[in-house]
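Note sheet for the following structure.
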Protein chains: 2
Amino acid sequence: MADYRKMWEDLGMDVDQHDVLCEVLPQAFGDVYLSQENRPEKMDYFNMVVAEIHGIRPAELIEFQKNGGKVVGTFCIHVPDEVVFGCGAINTGLCSGSQFWVPGGEKYLPTATCPLIKASLGARFEKTCPFFRLADLFVGETTCDGKKKAWEIMSKDAPMYIFDLPQMKRDKDVEFFKDEVYRYIARIEELTGNKLTPESLHDAIVLINKKRRAMQRLWEFRKLDNVPISGKDCLLISQIAFYDDPTRFAQKVNELCDELDKRKEQNVSVYKKGATRLMLTGTPLSIPNWKLHHIIESSGAAVVCEEMCTGSRYFELTVDESGKTMDEMVDHLTDRYMKGINCACYTPNTERVDDIIRLAKEYNVDGVIDVNLKFCNIYDTEGHIVEKELKDHNIPVLGIETDYTDEDSEQLKTRIEAFVEMIENGR
Amino acid sequence: MADYRKMWEDLGMDVDQHDVLCEVLPQAFGDVYLSQENRPEKMDYFNMVVAEIHGIRPAELIEFQKNGGKVVGTFCIHVPDEVVFGCGAINTGLCSGSQFWVPGGEKYLPTATCPLIKASLGARFEKTCPFFRLADLFVGETTCDGKKKAWEIMSKDAPMYIFDLPQMKRDKDVEFFKDEVYRYIARIEELTGNKLTPESLHDAIVLINKKRRAMQRLWEFRKLDNVPISGKDCLLISQIAFYDDPTRFAQKVNELCDELDKRKEQNVSVYKKGATRLMLTGTPLSIPNWKLHHIIESSGAAVVCEEMCTGSRYFELTVDESGKTMDEMVDHLTDRYMKGINCACYTPNTERVDDIIRLAKEYNVDGVIDVNLKFCNIYDTEGHIVEKELKDHNIPVLGIETDYTDEDSEQLKTRIEAFVEMIENGR
């Protein structure tokens with residue numbers, strides 16, 4: 001591994017504290033990922049990206065900044081990447097999935113806040129993540145109470161912009177969102193000094209759609225009877241999608257898919273025949289949160305779909321590329337980024353249940369695990385509705401609540417194994 | 001006490017279960033309220049209202065309904081009462097302050113939801129509150145995640161309308177709110193069959209302002225060196241304001257104020273000379289949640305101000321009565337109900353800190369207690385900012401988190417007494 005110590009010091013990071021994280025991550029990744037049998041060879045690229053997660057990409061971004069480029073960090077899939085890339089800047093996801101950052105966040109936030117938000121503030125305030133040091137602008141949003149109020153605290157330390165989301169999906173809310181897109185464009189133009197043009201926005205839409213299509217192609221393999229790639233690996237790719245270079249990422253995913261095409265021809269599966277097929281739905285699983293997939297797949301079941309922000313919500317829909325004028329394109333962004341995302345932040349959000357039921361059929365799942373990050377009130381409350389609807393549709397469902405610690409691993413293992421057994425007995 | 005059993009049965013209530021509540025409430029009220037020394041005589045009316053809280057007012061509302069009137073129940077001070085009264089209907093507050101209803105709500109909602117919301121759903125689903133049975137329409141809002149998602153569950157059982165709130169206070173958000181007022185008018189016109197006219201809306205504005213002015217008059221007495229009425233009694237009056245008949249309520253408050261005028265002349269105080277003067281800020285204290293005031297005032301300190309929904313936010317500002325056209329009046333409602341309410345649901349909400357600092361001066365307070373109902377994320381997170389600002393202004397502040405149980409009473413007592421002692425030693 002290259003030595004990035006100097007780079008981290010230059011970013012003003014607490015390098016000694018950061019070393020603690022650097023020491024545990026390779027071990028965790030080895031245990032969860034490298035222990036898998038019969039992995040596709042083309043996962044090598046993604047292994048390498050994770051191995052140097054705080055090195056390679058930050059170094060690229062810093063190089064970009066040295067040449068006058070700007071880097072924008074975002075926390076939610078409602079905020080359109082295309083605006084940033086269209087203005088010649090680079091967008092990077094900032095959602096944090098490690099317990100390492102949680103105690104730092106708890107110095108500023110109530111304990112009863114979801115670990116994702118606490119980890120994000122912890123990563124910033126404790127100076128232990130290069131992405132949280134190098135971003136030129138941090139874009140928060142008003143998805144949930146926890147985030148909305150956390151940004152007020154983070155904004156005392158970091159340059160922030162708030163993308164305001166409506167809470168319903170009526171026509172007036174669509175107009176509201178569209179106006180927010182225009183405001184966001186103005187802010188990113190101001191940051192970069194570049195004007196967003198119909199041409200540059202169109203190119204950015206095509207760029208990000210390529211990434212989405214690569215992921216769509218990958219996910220098609222998960223619908224097969226013989227699934228040639230693990231759920232764990234697909235999760236990793238979803239997580240990396242948020243911060244890798246989009247062109248390179250799409251290319252690497254497509255190379256992987258070429259390999260999987262061959263596996264498909266040969267009916268190769270990474271799972272035992274008849275493995276129970278599970279879908280996960282709920283709150284996002286940010287990198288390096290691999291706990292659930294590891295527990296599920298270690299028990300012999302297969303994760304074949306995630307109805308999550310780190311999953312189908314991120315790439316299932318592309319942005320319409322037919323827009324000619326700025327206004328048409330902003331309409332298309334609004335269609336995709338607001339109407340197309342069925343997040344529990346909306347009331348009502350019945351379309352999400354429709355999505356889950358549709359995906360359950362498409363991926364031929366035997367059961368659904370409704371995952372809630374502890375203290376995420378919107379998904380937790382909506383889970384009451386989701387789980388009832390799934391039961392009414394005779395789809396087995398298990399509701400679980402978890403956080404970033406490993407304290408509940410044994411309990412989750414027991415519950416998930418019992419759930420899988422129940423499904424197998426019910427066949 | 002009159003026998004309301006038949007009425008409760010006719011409302012479809014679980015009368016046996018409701019009896020459990022009826023048995024404990026008089027004892028609690030006696031312990032907290034009737035034990036006070038030197039109370040104003042005119043508190044008798046309010047004592048009577050509480051003594052028959054599930055009898056007198058529900059009976060009046062049912063009588064009103066028999067004559068074709070409609071009753072609208074609301075949960076938030078952002079929803080304008082004037083619209084309801086202007087359409088010839090009656091508005092009643094529905095926020096629930098008793099632990100009695102919490103376990104019923106927990107059958108439908110995550111445990112990590114604030115007790116106010118859990119109690120509201122419990123009161124509805126368990127059929128143990130007449131107000132929650134008789135309302136013709138329940139008006140929820142999108143103040144916080146907990147409420148926004150809870151209404152989806154309650155709407156499966158009750159006729160609901162959702163008043164959508166913006167999350168910021170920019171011009172576009174003001175327009176958004178104004179449009180919500182118009183939508184609300186249309187919904188209430190549909191419910192009542194009555195058209196809201198400039199005349200009827202003007203009358204309703206004047207009606208509710210009279211209630212606000214009566215409360216403003218009452219609160220002036222709390223600014224005196226010799227405070228002639230307890231914080232406990234003022235809290236009770238604030239709580240009753242939400243559901244009593246506004247004309248009668250204003251009259252009774254004014255009669256009480258006439259009595260307090262005499263006390264003022266005679267320098268009568270309900271507190272010992274030099275009692276520590278405290279302000280409470282934070283989440284609402286719904287009836288019958290008197291725990292904190294009881295602990296504070298039993299320890300010899302005085303509560304002289306509540307910067308809360310059950311406090312200054314409810315009545316400090318009146319609605320401008322000069323509007324002639326419908327649009328002018330809706331603008332004035334928007335000014336009062338949106339711009340005028342500094343709730344933690346907005347981001348940012350710096351005006352609330354300004355309010356607290358201003359009120360601390362006006363009421364000459366020695367210290368502030370920042371109260372958070374457990375699992376209210378927005379006030380809990382904002383508390384971080386509020387407490388820091390107060391410390392920067394050299395105003396002693398104590399942050400506490402509590403719920404509707406009595407389990408933490410001893411701990412709260414210890415902490416509050418230590419806080420008061422610290423203030424006294426610092427003088």
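Keep in mind that what you see is a predicted model, and the values were worked out from it rather than measured. Proteins come first, then strands; the chains are lettered A, B, ... in the order of their sequence lines, and each starts at number 1.
Ring pair A:Y108/B:H384 is tilted by interplanar angle, where 30° to 60° counts as tilted.
A salt bridge links B:R170 to A:D164: one of the charged nitrogens lies within less than 4.0 Å of a carboxylate oxygen. Ion pairing of B:E152 with A:K388 is absent here, as no side-chain N (NZ or NE/NH1/NH2) approaches a carboxylate O to less than 4.0 Å. Ion pairing of A:E175 with B:K172 is absent here, as no side-chain N (NZ or NE/NH1/NH2) approaches a carboxylate O to less than 4.0 Å.
Here the rule is side-chain contact (heavy atoms from CB on, under 4.5 Å) with B:D145, and of A:T347, A:T143, A:I378 only A:I378 fits it.
When each of A:I153, A:L165, A:T111 is checked for heavy-atom pairs under 4.5 Å with chain B, A:I153 comes out on top. Contacts with chain A were tallied for B:M168, B:E382, B:K148; B:K148 has the most, counting heavy-atom pairs under 4.5 Å. Of all the listed residues (A:E401, A:K374, A:R183, A:K156), the one sharing the greatest number of non-hydrogen pairs under 4.5 Å with chain B is A:R183.
Few gaps surround CG on A:D392; more than 12 heavy atoms of other groups in view lie less than 6.0 Å from it.
Judged by distance alone, the side chain of A:K149 and the main-chain N or O of B:N377 form no donor-acceptor pair under 3.5 Å. A donor-acceptor pair under 3.5 Å is absent between the side-chain atoms of A:Q167 and the main chain of B:P166, judged by distance alone.
The structure places OG1 of A:T113 at 11.0 Å from CZ of B:F375, a figure rounded to the nearest 0.5 Å.
In this structure, chain B has a heavy atom under 4.5 Å from the backbone of A:K107, while its side chain stays farther away. For chain B, the nearby part of A:Y346 is the backbone; its heavy atoms alone come within less than 4.5 Å. Residue contact with chain B, scored on non-hydrogen atoms closer than 4.5 Å, involves the backbone and the side chain of A:D179 alike. The parts of A:A344 that come within reach of chain B are both its backbone and its side chain, each placing non-hydrogen atoms under 4.5 angstrom from that chain.
The nearest pair of heavy atoms linking B:D380 to A:P110 is OD2-CB, 3.2 Å.
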